[in-house]
Protein chains: 2
Amino acid sequence: MFTAMAVITQPVATTRNRILDVAERLFVKHGYDGTSLRMITGEAKVNLAAVNYHFGGKEALMEAVLKRRLDWLNEERMRVLDELEASADGRPPRPHKIVEAFFGTLIGMGSNRELGGEVFLKLIGRSFTSPNGFIRALLAEEYREVVERYKQAFINALPEVPRQEVAWRFQFMLGATAYALAGSDFLQVSVQFDSDELPIEQARRLWPRLYSFLVGGMRAAIPEGDLQPLGGFGLGLSMADLEAADLDDADDAAVA
Amino acid sequence: MFTAMAVITQPVATTRNRILDVAERLFVKHGYDGTSLRMITGEAKVNLAAVNYHFGGKEALMEAVLKRRLDWLNEERMRVLDELEASADGRPPRPHKIVEAFFGTLIGMGSNRELGGEVFLKLIGRSFTSPNGFIRALLAEEYREVVERYKQAFINALPEVPRQEVAWRFQFMLGATAYALAGSDFLQVSVQFDSDELPIEQARRLWPRLYSFLVGGMRAAIPEGDLQPLGGFGLGLSMADLEAADLDDADDAAVA
DNA sequence: GTCTATAGACGGATAGAC
DNA sequence: GTCTATCCGTCTATAGAC
């Protein structure tokens, strides 16, 4: 179905690459601020000064860690959408195929060590909400083109959904995905990845469920404009707000 | 419809409370690791030693910041679900009402200064994926009861959805919500909160859209078991490579 | 490219006066 | 409860030998 696959270059275990690999893992485990260069160089068995020699500093190292994966990911996403649109001769691709192209490409990386595997998935899942401005700025820049293109594809595929709503839903899809990847533990009483389970098995369990949730959300009924959260806006301040909070049913979501 | 509202106590500007307020804001802005006690006590105009006197240390301060809001939130969620179930005399409440009870209660806090407003929403949105184990452990403990109860409510409300799938979807809903609240900037080309806009106006724009997305995802078609991401599991790799896939280190998080 | 050594700033925590 | 002063560890970054 999809023919050409972007070439994956076999990495060499140079000092530079060893630093990148260890940094990626430790940035996930302890966060950017919680990881020192000494932790990285110690575990990678390279000299402390090597980070500054090869990358120029800690921030530049983080940039290199992220770009190594994101350049590949977003080029692949562009390529997959190209193929999807080419194979549909003129008609817009179906929404669930676009979801698959954008998020499936990411999840697929989780099963592949050369592409960062589940370590990278956790890193990207957490980076969007990093308190460090330079990380968010880098992601904004790296994602700008591909998000704009996919957003347009969704708009074409969902003529009945207002443009603005598509953008919101894209954001919600990204959030649901990022959190699933970032791997919060607190729900794991029920949704538990067996820690001895291979990453490929984890992806196999996650992907169909996430996919169906995203497609369901993307196709949901258009929201009413004046729906209020429980207790109203300004919770606890006015009883008048409470009266309006009780709205009724949306219809059932479509299935395909 | 909903009668009693939990009482909101007017906070006094004691040293202790000033520390909590400033710490909440700075932990959001710079993250836990990126915020020093000197930054907090400086801005709160209290002595550096006051944090250790009143809370015992930095970690204990973070715990106090989170508990101040979460105790109220999760008690309110319990109360709202009580009322919802009482008003349905015997039948399970409809799924969208449960979504409203759980997530609407949270969003409502964003419009209320006394409850932390949008600052707390950002804090909680980011805390679930904190690299600091003690923060995730605290959240797991604070959410355990209320998540268990709401999960059961969803299971009762959605007899056609297998129990296990309900847990996954709960996790996805939490993710979509947390990210929307954490306020990643990178999609803001299209989904933009005017920074001069009042928090209450931001909530008014977010909530109906998030609500409809969550309900749509919750009611989606049941996923197929063998769906594969684009490129399959093990994107671009041979089977031999896949079998070599490795496991990551044991997590240092203590989950009760 | 790799290494040692160190500069120079900042971190959390605490002892003890008031 | 509040304050000053300080301990002691860690941080990033760099100078300079090899």
Side-chain angles (χ1 to χ4, degrees), chain A residues 11-68 123 127 130-138, chain B residues 11-68 123 127 130-138 252 254:
Chain A
V12 203
T14 58
T15 291
R16 199 188 139 91
N17 283 333
R18 288 229 308 288
I19 292 172
L20 285 172
D21 289 340
V22 172
E24 185 172 56
R25 188 158 38 81
L26 293 186
F27 283 150
V28 167
K29 190 167 183 177
H30 305 286
Y32 175 78
D33 290 320
T35 306
S36 72
L37 296 183
R38 282 175 171 83
M39 292 164 69
I40 295 169
T41 55
E43 206 159 306
K45 298 189 208 305
V46 301
N47 190 272
L48 171 62
V51 170
N52 278 292
Y53 177 79
H54 285 283
F55 300 95
K58 191 183 177 184
E59 289 200 2
L61 170 60
M62 181 54 149
E63 283 197 25
V65 166
L66 287 171
K67 277 191 173 161
R68 177 170 69 149
L123 180 65
S127 295
S130 168
N132 300 92
F134 82 94
I135 294 176
R136 296 197 312 275
L138 175 70
Chain B
V12 203
T14 58
T15 292
R16 199 188 140 90
N17 283 333
R18 290 228 308 287
I19 292 172
L20 286 173
D21 289 339
V22 172
E24 185 172 57
R25 189 156 39 80
L26 293 185
F27 284 150
V28 168
K29 189 168 185 176
H30 306 287
Y32 175 79
D33 291 320
T35 305
S36 70
L37 295 184
R38 284 173 173 83
M39 291 163 69
I40 295 169
T41 55
E43 207 160 304
K45 299 190 206 307
V46 302
N47 191 272
L48 171 61
V51 169
N52 278 293
Y53 176 79
H54 286 282
F55 300 95
K58 191 184 177 184
E59 289 201 0
L61 170 59
M62 181 55 147
E63 283 196 23
V65 166
L66 287 171
K67 277 192 173 160
R68 178 171 66 149
L123 180 65
S127 295
S130 169
N132 300 91
F134 81 94
I135 294 177
R136 297 196 311 276
L138 175 70
D252 49 353

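Just so you know, these numbers come straight off a predicted model, no measurement behind them. Basis for what follows: all heavy atoms, side chains included, without hydrogens, waters or symmetry-related copies. Naming: A, B, ... by sequence-line order, numbering from 1 per chain.
Here the C1' atom of nucleotide dT2(C) and the CZ atom of Arg16(A) are 16 Å apart, to the nearest Å. Summarising the geometry, the separation between CD1 on Ile19(B) and P on dC3(D) is reported as 10 Å, rounded to the nearest angstrom. Taking atom CE on Met62(B) and atom P on dG12(C), their separation rounds to 13 Å, with Å as the unit. With rounding to whole Å, Met39(B) atom CE is found 14 Å from dG12(C) atom C1'. A straight line from NZ of Lys45(B) to C1' of dT2(D) spans 17 Å, rounded to a whole angstrom. In this structure, the CG atom of Asp33(A) is 14 Å from the C1' atom of dC10(C), given to the nearest Å. Distance CZ (Phe55(A)) to P (dA13(D)): 13 Å, rounded to an integer number of Å. Rounded to whole Å, the distance from CG on Leu48(A) to P on dT6(C) is 14 Å.
With rounding to the nearest 0.5 Å, the separation of CZ in Phe55(B) from CD1 in Ile19(B) is 5.0 Å.
Side-chain nitrogen and oxygen atoms of Asn47(A) include none within less than 4.0 Å of the OP1 or OP2 phosphate oxygen of dG1(C). Distances shorter than 4.0 Å separate none of the side-chain N or O atoms of Thr15(A) from OP1 or OP2 on dG1(C).
Proximity note for Ser36(A) (side chain, C-beta onward) versus dG1(D), dC11(D), dT6(D): the nearest is dC11(D). Relative to the side chain of Leu37(B), the nucleotides dG12(C), dT2(D), dT2(C) differ in distance, and dG12(C) lies closest. Looking at the side chain of Ala49(A), the nearest of the listed nucleotides dC3(D), dC3(C), dG12(C) is dC3(C). If you check dG12(C), dG1(D), dC3(C) against the side chain of Tyr53(B), the one that comes closest is dG1(D). Out of dA13(D), dA13(C), dC3(C), the shortest distance to the side chain of Asn52(B) is found at dA13(C).
Between Val46(B) and Lys58(A), the residue anchored closer to the 5' end of DNA chain D is Val46(B), taking for each the nucleotide with the nearest heavy atom.
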Open item on the list: I'd like to know whether Met62(B) forms a side-chain contact (heavy atoms from CB on, under 4.5 Å) with Thr35(B), so could you lay out the CA-CA distance, the side-chain angles of the two residues, the decisive distance to 0.1 Å, and finally the verdict.
Closed with: CA-CA 11 Å; Met62(B) 181 55 147; Thr35(B) 305; over 6 Å; no
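Tyr32(A) and Phe27(A) have tilted rings, their planes meeting at an angle from 30° to 60° on a 0 to 90° scale.
Using a 4.0 Å heavy-atom cutoff across all strands shown, Thr35(A) reaches sugar-phosphate atoms only and no base atom.
Of the possible donor and acceptor atoms, one in the side chain of Arg136(A) sits under 3.5 Å from a partner among the backbone N and O of Ser130(A).
Contact check for Leu61(A) versus Leu20(A): side-chain heavy atoms found under the 4.5 Å cut-off.
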